[in-house]
Structure formats: C-alpha cells, structure tokens
S.K.: 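First the structure, which I've put down as structure tokens, then a few questions once you've had a look.
As the structure is a prediction and not an experimental result, all values here were calculated from the model. Note on naming: letters A, B, ... go to the chains in the order of the sequence lines (proteins, then strands), and numbering restarts at 1 for each one.
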Amino acid sequence: MDLELDEQATRFREEVRSWLAENVPRTPLASFDTAEGFAQHRDWEARLAEARLSVVAWPREFGGRGASLLEWVLFEEEYYAAGAPGRVSQNGIFMLAPTLFSHGTEEQRLRILPPMARGEQVWAQAWSEPEAGSDIAALRSTATRTEGGWLLSGQKTWSSRATFADRAFGLFRSDPDSERHRGLTYLMFDLRAEGVRVRPIPQLDGEPGFAEIFLDEVFVPDEDVLGEPGEGWRVAMTTANNERGLSLRSPGRFLAAADRLTGLWREVGDPADTALASRVADAWIGARAYQLYTFGTVTRLREGGSLGPESSVNKLFWSRLDLELHETALDLLGPEGELRAERRWVDGWLFALAGPIYGGTDQIQRNTVAERLLGLPRGER
Amino acid sequence: MRFALSTEHKDFAASIGDFLSDVDTAAAARGWAAGEQGPGLRVWRGLAGIGVTGLLVPERFDGLGADAVGLVVAFERLGYHAVPGPWVDTAAVLPMLLEDELLAGVASGETIASIALPPHVPYALDADVAEARIAVAGTRLRAFTPGRPLTSVDPCRRLFEVREGEVLGTAVDPPLAFDTGVLATAAQLLGAGQWLLDAAVDYACRRRQYGREIGRYQAVKHLLADVVTRLELARPLLHAAAIAVRDGAPSRARDVSAAKVAAGEAAALAARTGLQVHGAIGYTAEHELGLRLTKVRALVAAWGTQGLHRRRVLDAVTGTAA
C-alpha cells in the first residue's frame, strides 16, 4: 500500500502544472452564465484543447491524450489548485461523452466529441421536467416517430447552461403506452432548432444558470438517437454510473477550497476562537479524506472493480463538505461574509447550496446507500 | 500509487477476525471489567499466537518486524470485537519506546505493558494486569506503581493514577510512540464504529414495528447511510496515516491526528445512531452494543482529545506548528 506516484504520472503532473501556471488568465473570467462570460469560456476551452488538456482521459482521436484515471484526478487537482476557470463544457464532457463512449456509434463519436473537446459545441443537460425531478422515470416529454427521425414535444426544466449552449441531451417517452423506465429514448437536439424555446431562469445569484426548454414538434434526425430507441433508461444509467462522470467528482475542487480556507484562517483567524478553528480543521480533514477516498477508488477501478453505490457515498460526503467549507469561510470573514465583493467565497457558497439537490438529491443518495450498500429492505417512499 | 490493502493484509485481518469470532470476546470483556481477567488473557495469548503483539517488535526480539499498516489492520479488528486489555500500550507504543529483551516478552504474549505519557495520556490502563509499567517524562522512562484506581465510562478500561518511581533509561522516540498510540486508537475507533453500524443494520433488517422491518423506513435508512459515509471516508485517512508513520513522513503528526479526529467522529456517530436504531434494548448492559458505546466515548478522549488533534492538524496546514 502506498501513495507514491510513478514517474509517468509525476511527469504528467509537472507538465500540467507548468502549463496552467503560464496560461490561467490573471483576471478571472466573467461568469459563464452571462453572454460575455460564455464567450470567454469558449475561448478558454479552445486554449485548453490546443494543449490537449481539455479532455485528458479521452482517446487521442477525439482530442484527448488517453490519460489514466489517476492522471485525470491529478489533472483536476492541478486545475483547481491553479484557480483555473470553471468548465462551461462540463455537462457534455462528464455526462454526454461517457454515454457516447459506451453506446454511441463511431459516426456519432467522430461528429460530436471533437467539437465538444474544443468548446465549439457546448452542451446542456435536459434531464428534469416539471413533474419529474428526482424521479426521472416520471417524465412526460414525448418523441414521436416521423419520416427519418423523431418529433420532440414537451417541457424540460432546470437545464444547466441551456441559456447560451448550442445543443442538449435528454430522455423522451417514445412509446406513448409505456410507463416509468420503459419506452424511453435518449436523444440529442439543437437548442436553436425550429420549435425550441428556451426561457432562462435566474438562479440565486441572479444569473441564468439554468433554463426551461419548451419543445413543440422539434425534428431530430435518427442519427441523433443515442443507443436503441426505447432503451433510453439503460443508456442514461451509464451516464449516471460512469466513473468519469459526476459520480467520481474530482477532489481537486475541495482540496483547493480547503487550502484557500486554511490560508484565510492564517490571515484573519482568531486563535482564541476554538469553535471556528475546529471547523477549519474539519474542512481540511474532510477534503483530504475525500482525496484519499478517491485514490482508493482509482486503485479499485484500475484493478477491475466497478463503481456501484459507493458513488452515492461520494456524493453524500462532498455535498456536505462543500457547504461546510464555504460556510466556515464566510463565518471567518465576519461582517464581510455577506458582501458579494468576496466573490470567490460567496459565489462558492451559492454553488455549494445546490450540491445536495442536483445529480440526485442527498435523500435519494441515502436510499441508494442504505438499500444497495447496506442491504436494507426496499420500502415505500 | 496503489492505495489499497494488500492481499496479505486482508488475509491477516481475516485470520484475526476468524479467531475473535470463535472466542467469546463479549464474555472476556465483561470478565475483564469485573476483575476476572482469565478469559481476556487467553484471548491475549491467542492473538499473540497469530502475531498481533509482535507486529512492531523487531525480528531480533522474535517479533514480526511489520509496519504501521499491519498495525492498523490488526487494531481495527481488535476494536471491532471490543477486545479488552492495554493493547495500544503494549503492541503499538512500547516497541517505539525501547529496544531491549522486554520486547521478546511482548512478542510472545507474556509481557503486558501499561504506559503513561502525560499530559495527553495521564492515566495508566490496566496497570494491575501489566507487569511492565512505564511512564514517559520527556525523553526519560520511569517505572511507576499504580495509584488510586479510577473508573472509566468504559468498565473494560481499568484506569489508575500514576506514581512515578525509578528512572529506567532513555526513550527511543517519544513523539513517534505517541503518534503510534494515536494511530492504533484511531484504528480501534474505526473498528468499533464498523461493528456498531453492522449491528444496527442487522437489527434494522429483523426488528419489526407497525407491521414491517424498521429498515424499510426512510428515517432509519438515512441515519445509517450517514454513518457508513462517515466511516468509509475515515478509513482512507487511517491508512494514509499508517503509511506516514511507516515512512517517517514529515506529515506524520498531521496525518495521525486527522485520522483520530475522523475515526472518532465517525465512531461517535455510529454509536449514537446504533443506540437510536436499537432503542431501549441497546441501552441495557445486557446487550453487546453497550460494550462499544462506552468504549467509543472513552477512546475519543484517550490518546489526545479531538481538540488537541484538530489543533495539530490546523497548526500543520497553516504552518504555525511549534
């Protein structure tokens, strides 16, 4: 048992570190939930792609460099430690791309992945519907067969990035007589196609981080069906379980935030305030625990294991850690803790608030952990 | 990097677990608490037979010459089965304090030690059973005699005040001895927490209320999901701390302290939750739950409080360490 990196991983980390040191913009980019910031982030994605650092774990032919899972984790650590911009492409890279790798055709991969890697085509996710939030299987939007493709109708909501993105992906009910998980089809569609209306929804920070999408007989060609029609649920589950998706959330983000927090403590912390001192220590311990847990997962996956309900353990841990970390920082800032001028911590806190809600609420995750990991009996909700 | 236990370590844990499942550790623990140490000492010698007491003892004194990773693997099992006795003192701490023939007795299971290491370890555990009674004062080792007996919240921990006596010699590495004691205690906490979770899950699957198993209720599920999350995320901290102790890493103090804080918090949550899931039956002295409930509370305070360890972490990460 050890934590030492081999030569190749060390070299890779050094390369990433020095590239980021030279290239991370000195002034932070505007929020990618504004038109101006979105454009800036597209440029940043292109710059990353030029250095083959936008999708390190993908095969070369699609713009990656075939990095190992460990190297991906190291990349992410360096990325966050360098204070590099948030990834406007992350819905595509972490949710759609893994599904394309598992279920897409070669034509789809070659057509969709390289522009995604370069930030030319930015994807929004379209999972939730007004009546189907955590319970995705309750969705009602339909896909109806037509000549050479499908007609999509219905409404999606809480669609992250949809306000400025190019395309979206989601599940549609393709068999009108079906129920729940059956009769669903995984489809990709153009957000600027005829029949699509996007209504931006301002989030707590006032910016349109998500949107509602109204679809009225929007035509989608057959080539944009992912997997077999009617098999959408099975296809989507790959996305949910993929180790490079959100289920294996990079520890880099929390480590970087924990380091900033301990830095803040050194600057403004009152050593006599033992309660706050304890929370700072706990935040650092939590981030370190999460990093080590991820190293353990990486080892297990490399040795042929798979990610199961452990990814729910992951989510439960980091969603709480992220909130506690940011709340501690705001408390440490004292009266300034309410000021939007403290952008990094205040924005970080606003974002952390969403953690226990998106990607499966913490309550759903607890059910998964209890039933699938601990073996407790299934029950009514 | 390969951050996972080796097959050898897993097999070692399994052999300890098999042995302890076959002997009645609950009876041994209750006997120990009542001052009848015979069954506990039989368990001690049995574990010595599989190498647990000699893990950190160098081979020249007939020990295994193993390292801290093996130590946490073993101590997690000891905590799981609530094995009584001054295990931390004898198997984890003493081999870091001296290098002499006494260690051969430790390895064989004949020598039992009780160690005081003030200010954080002021009371001597099981000093009435131990024949090697050593107090660490700075870099000096002194013999002590057990003074007034003290009553721990965990009846299996028989504590005594320390009356220091003659100087025995110079300690090899007191800071390492302390950190190794902290590490072994953290491992015991994690093991006890895991037992508390397993017991609560088992009970929740069997106990029926309002016509169904209580484990079907979300309220119960969510409590237990939080416990497993805390335990799972404490374990890698424990393993990383063991690596730091093994390798003499500069981050050693920080890492063992982080492990103790996380294992202590996880075990405390497992204890509270385990009791809540069991209800009144868990509050009785007849149920095995109590053996761990009180032990967890005692171990959280032993070998440095959570406050001390959080301070050590914070000092290390902000570069303000003395």
S.K.: Grab the two heavy atoms, one from A/L376 and one from B/G215, that are nearest each other, plus how far apart they are.
M.R.: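 Heavy atoms only, the tightest pair is CB-O, 3.8 Å.
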S.K.: A/Q365, A/Q291, A/R320: which one forms the most heavy-atom pairs within less than 4.5 Å of chain B?
M.R.: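 Heavy-atom pairs under 4.5 Å are most numerous for A/R320.
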S.K.: Just give me the residue among B/E265, B/H9, B/R230 that pairs up with chain A most often, heavy atom to heavy atom, under 4.5 Å.
M.R.: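 Max contact count across the listed options: B/R230.
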S.K.: If the contact rule is any heavy atom under 4.5 Å from chain A, which residues of residues 188-202 of chain B qualify, in numerical order?
M.R.: B/L197, B/V201
S.K.: Heavy-atom distance under 4.5 Å to chain A: side chain of B/S6, backbone, both or neither?
M.R.: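 For B/S6, there is no contact with chain A at all, as no heavy atom is under 4.5 Å.
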S.K.: Could you grab the distance from atom CZ of B/R2 to atom CG of A/L70, nearest 0.5 Å is fine?
M.R.: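 Reported value, rounded in 0.5 Å steps: 13.5 Å.
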S.K.: For A/R300, is it the side chain, the backbone, both, or neither that has a heavy atom closer than 4.5 Å to a heavy atom of chain B?
M.R.: neither
S.K.: Working to the nearest 0.5 angstrom, can you tell me the gap between A/L261 CG and B/T318 OG1?
M.R.: 11.0 Å
S.K.: Quick check on the interface: out of B/D226, B/L223, B/V261, who has the most heavy-atom pairs with chain A under 4.5 Å?
M.R.: B/D226
S.K.: Given a strict heavy-atom distance threshold of 4.5 Å, which part of B/L233 is in contact with chain A: side chain, backbone, both, or neither?
M.R.: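 Both parts, backbone and side chain.
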S.K.: Can you tell me which of A/T262, A/L316, A/L374, A/L373 forms the most heavy-atom pairs within a distance under 4.5 Å of chain B?
M.R.: A/L374
S.K.: Kindly say whether A/V369 contributes a backbone atom to a donor-acceptor pair with the side chain of B/K221 at under 3.5 angstrom?
M.R.: no
S.K.: To check you understand the geometry: which heavy-atom pair defines the closest contact between A/A281 and B/L314, and what is its length?
M.R.: N-CD1, 4.2 Å
S.K.: With respect to chain A, which residue among B/L237, B/V228, B/V69, B/D247 yields the maximal number of heavy-atom pairs within a distance under 4.5 Å?
M.R.: B/L237
S.K.: Please rank A/E4, A/R266, A/M1 by heavy-atom pairs under 4.5 Å with chain B and give me the top one.
M.R.: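 Option with the top pair count is A/M1.
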S.K.: State whether the number of non-hydrogen atoms from other residues, nucleotides or ligands found under 6.0 Å of A/E303 atom CD is greater than 12.
M.R.: yes
S.K.: Once you round to the nearest 0.5 Å, how far does CZ of B/R235 lie from CG of A/L292?
M.R.: 13.5 Å
S.K.: Using the side chain to side chain donor-acceptor pair (under 3.5 Å) criterion, which residues pair with A/R180? Sequence neighbours excluded.
M.R.: A/D135
S.K.: Select one option (side chain, backbone, both, neither) describing which atoms of B/V317 are under 4.5 Å from chain A's heavy atoms.
M.R.: both
S.K.: Identify the two heavy atoms, one from B/C205 and one from A/P377, that lie closest to each other, and give their separation to 0.1 Å.
M.R.: SG-CD, 4.1 Å
S.K.: Begin from the C-alpha positions of B/R254 and A/W284 and carry the test side chain to side chain contact (heavy atoms under 4.5 Å, CB included) through to its verdict.
M.R.: CA-CA 11 Å; B/R254 178 197 77 180; A/W284 185 88; 3.4 Å; yes
S.K.: Of the backbone (N, CA, C, O) and the side chain (C-beta and beyond), which part of B/R246 lies under 4.5 Å from a heavy atom of chain A, both, or neither?
M.R.: side chain
S.K.: Under 4.5 Å, counting heavy-atom pairs only, tell me which of B/A240, B/P236, B/A234, B/A262 racks up the most with chain A.
M.R.: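 That would be B/P236.
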S.K.: Look at atom CD of A/E14 and say whether more than 12 heavy atoms of other residues, nucleotides or ligands are closer to it than 6.0 Å.
M.R.: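 Buried by this count: over 12 neighbours within 6.0 Å.
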S.K.: Scan residues 281-298 of chain A for pairs that pass salt bridge (charged side-chain N to carboxylate O under 4.0 Å, His left out), counting only residues two or more places apart or in two chains.
M.R.: A/D282-B/R310
S.K.: Once you round to the nearest 0.5 Å, how far does CG of B/L224 lie from CZ of A/R366?
M.R.: 11.5 Å
S.K.: Going by salt bridge (charged side-chain N to carboxylate O under 4.0 Å, His left out), name the pairs with one or both residues in residues 64-77 of chain A, residues two or more places apart or in two chains.
M.R.: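 Qualifying pairs, neighbours excluded: A/E15-A/R65.
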